[in-house]
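What follows is a short report on a single structure.
Within every chain, numbering begins at 1; the chains are lettered A, B, ... in the order of the sequence lines, protein sequences first and strands thereafter.
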Amino acid sequence: MKNYILQIFEEASSKLEYLKDINLVFTVPNQKEHGDYSSNAALILAKKLGRNPRELAAEIISNLTVDEKVISKMEIAGPGFINFYFNNSATTEIINVVLDQKENFGKSEKYSGKKAMVEFVSANPTGPLTVGHGRNAVIGDTVSNMLEWIGYKVDKEYYFNNAGRQMRVLGDSLRLRYLQLIGQNIDFPEDYYQGEYIVDIAKKIYENDGDKYKDEKAEEFFKEQAEKEIFADIEKTLNNLNIKMDYYFNEYRLYVDGRVEKLLDLFKQKNLSYEKDGAVWLKLSELGNDQDKVIVKSSGEPTYRLPDIAYHITKFERGYDLMVDLFGSDHNATYPDVLAGLKSLGYDINKVKVLIHQFVTIMDKGEVVKMSTRKANFVTLDELMEEVGADVVRYFFIMRSISSHLNFDLDIAKKHSDENPVFYLQYAHARICSILRMTEEEKLELSVENLHLLITEAEQNILKKIYQFEEEILYSSENFEPHRIANYLEELAGLFHKFYNECRIIRAESKELSEARIALVTAVKQVLKNGLSILGLSAPERM
RNA sequence: GCGCCCGUAGCUCAAUUGGAUAGAGCAUCAGCCUUCUAAGCUGAGGGUUAGUGGUUCGAGUCCACUCGGGCGUACCA
C-alpha cells in the first residue's frame with residue numbers, strides 16, 4: 001500500500017518538480033479518522049517554498065493519478081496533511097501475497113549481494129556467560145537475523161583473547177583449587193576467581209588423572225584446561241539460546257601472523273605515533289579525539305587498541321560491506337580510539353556500525369544484584385534458562401530498545417507467569433493452529449475466492465497490519481532496532497485476539513465467509529511465525 | 001570536572017526525517033466462557049513526557065541550562 005502511494009507520488013513529481021526535493025515519508029496515523037496513510041509533504045514544502053501548506057496539498061492531490069479501486073479517498077486535513085483511505089477490496093490482496101511467499105514473506109532484496117559481519121558476545125573465557133552477557137548475545141543474534149531478512153549475507157563472529165594477565169590469574173586460580181583438592185593447605189587469594197565453576201573444573205581433572213599434576217609448575221597446563229572447559233560451557237550456553245557463531249577469532253592470531261607488529265610499524269612510518277616515558281603513543285588528538293593514548297606499554301606489551309585495530313583491518317580485508325560491533329556501555333570509551341585509528345589509515349569507517357547497549361540491572365527479591373565474574377556473585381544464563389526457558393530469556397532481552405536500561409526482575413521471570421508477553425504472541429499462533437485443526441474436521445477448506453467478504457473493522461485492521469510487515473522489518477533493521485519487531489508482533493497478535501472474540505471462523509454466517517477467514521488466519525499465522533523466527537523464538541502449535 | 005546513555009501513568013516500557021487527541025502490559029476496579037484454546041476479550045480510573053527557557057505552523061523528540069540515575073573517563077579489556 002505504501003509502495004503504491006510512493007509510486008503515484010513519483011509519477012506526479014514529473015509535473016511537480018518540488019516533490020523531488022524532499023524525502024517522501026508516509027506514516028500510519030495514530031487516529032483512525034486520519035486515514036490509512038498520511039503524508040506531511042505539503043507541510044515540509046510550505047516552509048521551503050514559502051507557500052500556504054493547504055494550498056500546496058490541494059495542488060499535490062490534483063496532480064496525483066489514483067486507481068479508485070485501490071484508494072477510496074484522499075483528503076487534506078489539519079494544517080496540511082494529505083490522508084489516504086484504502087478500499088477494502090484492495091487490502092485483501094495481501095493474503096494472496098502471504099500465502100504465496102510463505103516463510104519468505106517480509107523479506108526484502110534491498111541489500112542482496114552485500115556482506116555483513118556482526119561481532120558480538122566476544123567475552124573472554126574467564127567464566128560462564130552471565131545474564132549480563134545475555135543481552136549482548138541475543139541482540140547480536142537478532143540483528144544478524146534482521147540483516148539477513150533485508151538481503152545481507154551475514155557472518156556472526158566471536159572475538160576473544162586468551163592471553164594476558166586475566167587468563168594467567170584464571171589458570172593460577174585453577175591450579176590452587178586443584179592443589180587444595182588433593183589435600184594441600186593453600187590460601188586462596190581474594191583477587192583470584194572465586195567462582196564455584198573453577199572448583200568444578202579442578203574436580204574434573206582430579207577425577208580423570210588424580211594428583212598427576214601436583215608438581216606442574218608451568219601455568220600453561222592449567223590455563224589451557226580452564227580455557228577449554230569454560231569455552232565448551234560458553235558454546236553450550238549459546239547453543240541453548242539457539243545461537244550459532246560462524247567464526248571464533250582468537251586475538252592471538254594477530255600476533256602470530258605479525259599483524260600487530262606490522263600495524264605498529266605502519267603507524268610509525270606514517271608519523272602517527274611517538275615514544276614517551278618508555279611507551280608508544282598514538283596521536284589521537286591530531287585525529288580529532290580528546291587525547292593521545294598508549295598503544296604499547298613501557299613493559300613492551302601492546303594495549304587492546306593495537307590488536308583491536310589490527311582485528312578490524314582483517315574485517316575490511318575480508319570484504320564486508322557492513323561491520324557491526326556490539327558492546328555493552330562499559331566499552332563506550334574504547335571504540336572511538338579504534339575508529340580513529342582505522343580512519344587515519346584510510347579505511348572507510350562508515351562501514352563500521354558500533355552499537356552500544358545499556359546494562360541489564362538484575363533485581364532479586366526487590367534488590368539490585370551487583371555482578372562481577374571475579375567475585376562470582378552472578379546469575380548464569382544457563383541457570384536463568386533452566387528456570388524460564390530460552391524463549392522467555394530471548395524475548396526479555398530484545399523487547400526494549402537497546403539504548404534503554406533493562407530491568408530484569410528475577411522474581412517475575414522465574415514465576416513463569418501467564419502475564420508474559422512472549423506467551424501472548426505464541427498463544428495467538430497456537431490458537432490459530434488449533435482452529436485450523438478443527439476446520440479440517442469440519443471439512444472446511446481455505447479459499448481465496450471470496451476475500452471481499454472480509455469487511456469488518458477487525459478483519460481490515462489485521463490486513464492493514466500485515467501490509468506493514470515488510471516495511472517494518474526494513475525500517476527496524478536499517479536502524480538496528482530489534483525491539484520494534486517485538487512491538488509489531490504484539491500488535492498483530494492483539495488484533496488477532498480481538499478478531500477472534502468478535503468473529504466466528506467455523507460456523508460463520510456462510511461457508512464462503514468461513515473459508516475466507518481461514519485464509520485470513522492462515523496468513524496471520526504465517527506472519528507471526530516469520531516474525532518469531534526473526535526473533536529466534538519458537539512458534540508452538542499447542543499451548 | 002569531562003564524555004556517552006537514560007528520565008514518559010503506581011511499576012516495567014512504547015511512540016518513522018519534529019506531526020494531528022502521548023500508547024501498551026502489569027497492578028487496581030467493573031464486566032464477558034452450554035458456541036473455534038479465558039495464556040483471551042470489553043470497559044473504567046490513572047500524565048504539566050524530571051524542571052526552566054528557546055527554536056516554529058507544530059516539540060516526548062531539536063538547542064541551552066538545572067536536577068536525578070547508569071556506564072566510562074588506565075601504560076585493564
Counting side-chain heavy atoms from CB outward, which of B:A77, B:U21, B:G19 is closest to A:P79?
B:G19
Sugar-phosphate only, base, or nothing, as touched by A:A428 at under 4.0 Å among non-hydrogen atoms:
nothing
For RNA chain B, which residues in residues 494-508 of chain A have a heavy atom at a distance below 4.0 Å?
A:H497, A:K498, A:Y500, A:N501, A:C503, A:R504, A:I505, A:I506, A:R507
Within less than 4.0 Å of OP1 or OP2 of B:A38, is there a side-chain N or O belonging to A:Y424?
no
Looking only at B:U21, B:U37, B:C75, the nucleotide nearest the A:S298 side chain is B:C75
Check every atom of B:C36, B:G72, B:C75 against the side chain of A:I435 and return the nucleotide holding the closest atom.
B:C36
Which one is paired to B:G7, where only Watson-Crick or G-U wobble pairs with both distances under 3.5 angstrom count?
B:C67
A:F81 vs A:L43 side-chain heavy atoms within contact, under 4.5 Å:
yes
Go through B:U73, B:A38, B:C75 for me and flag the one nearest to the A:W281 side chain.
B:C75
Using a 4.0 Å heavy-atom cut-off across all strands, classify A:M438 as base, sugar-phosphate, or nothing.
sugar-phosphate
Would the base of B:G19 count as contacting A:N40 through its side chain, where contact means a donor and an acceptor less than 3.5 Å apart?
yes
So, is the end of the A:R484 side chain (NZ or CZ) under 6.0 Å from the ring centre of A:Y475 and within 45° of the ring's axis?
no
side-chain contact (heavy atoms from CB on, under 4.5 Å) with A:F397: which of A:I402, A:I139, A:V360?
A:V360
Please work out if A:I295 contacts a base, only the sugar-phosphate, or nothing of the nucleic acid, heavy-atom cut-off 4.0 Å.
nothing
Provide a list of protein-nucleic acid N or O atom pairs under 3.5 angstrom, restricted to nucleotides 9-16 of chain B.
from  : atom 1 : to     : atom 2 : distance (Å)
B:U12 : O2'    : A:R400 : NH2    : 3.3
B:C13 : OP1    : A:H405 : O      : 3.1
B:C13 : OP1    : A:N407 : N      : 3.1
B:C13 : O2'    : A:R400 : NH1    : 2.4
B:A14 : OP1    : A:S401 : N      : 2.8
B:A14 : OP1    : A:S401 : OG     : 2.9
B:A14 : OP1    : A:S404 : OG     : 3.1
B:A14 : O2'    : A:N487 : ND2    : 2.8
B:A15 : OP1    : A:H483 : NE2    : 2.8
B:U16 : O4'    : A:Y475 : OH     : 3.2

Contact class for A:A77 vs. all strands (heavy atom < 4.0 Å): base, sugar-phosphate, or nothing?
base
Sugar-phosphate, base or nothing in reach of A:K47, heavy atoms under 4.0 Å
base
Could A:K2 and A:F26 be counted as a cation-pi pair, given that NZ or CZ must be under 6.0 Å from the ring centre and within 45° of the axis?
no
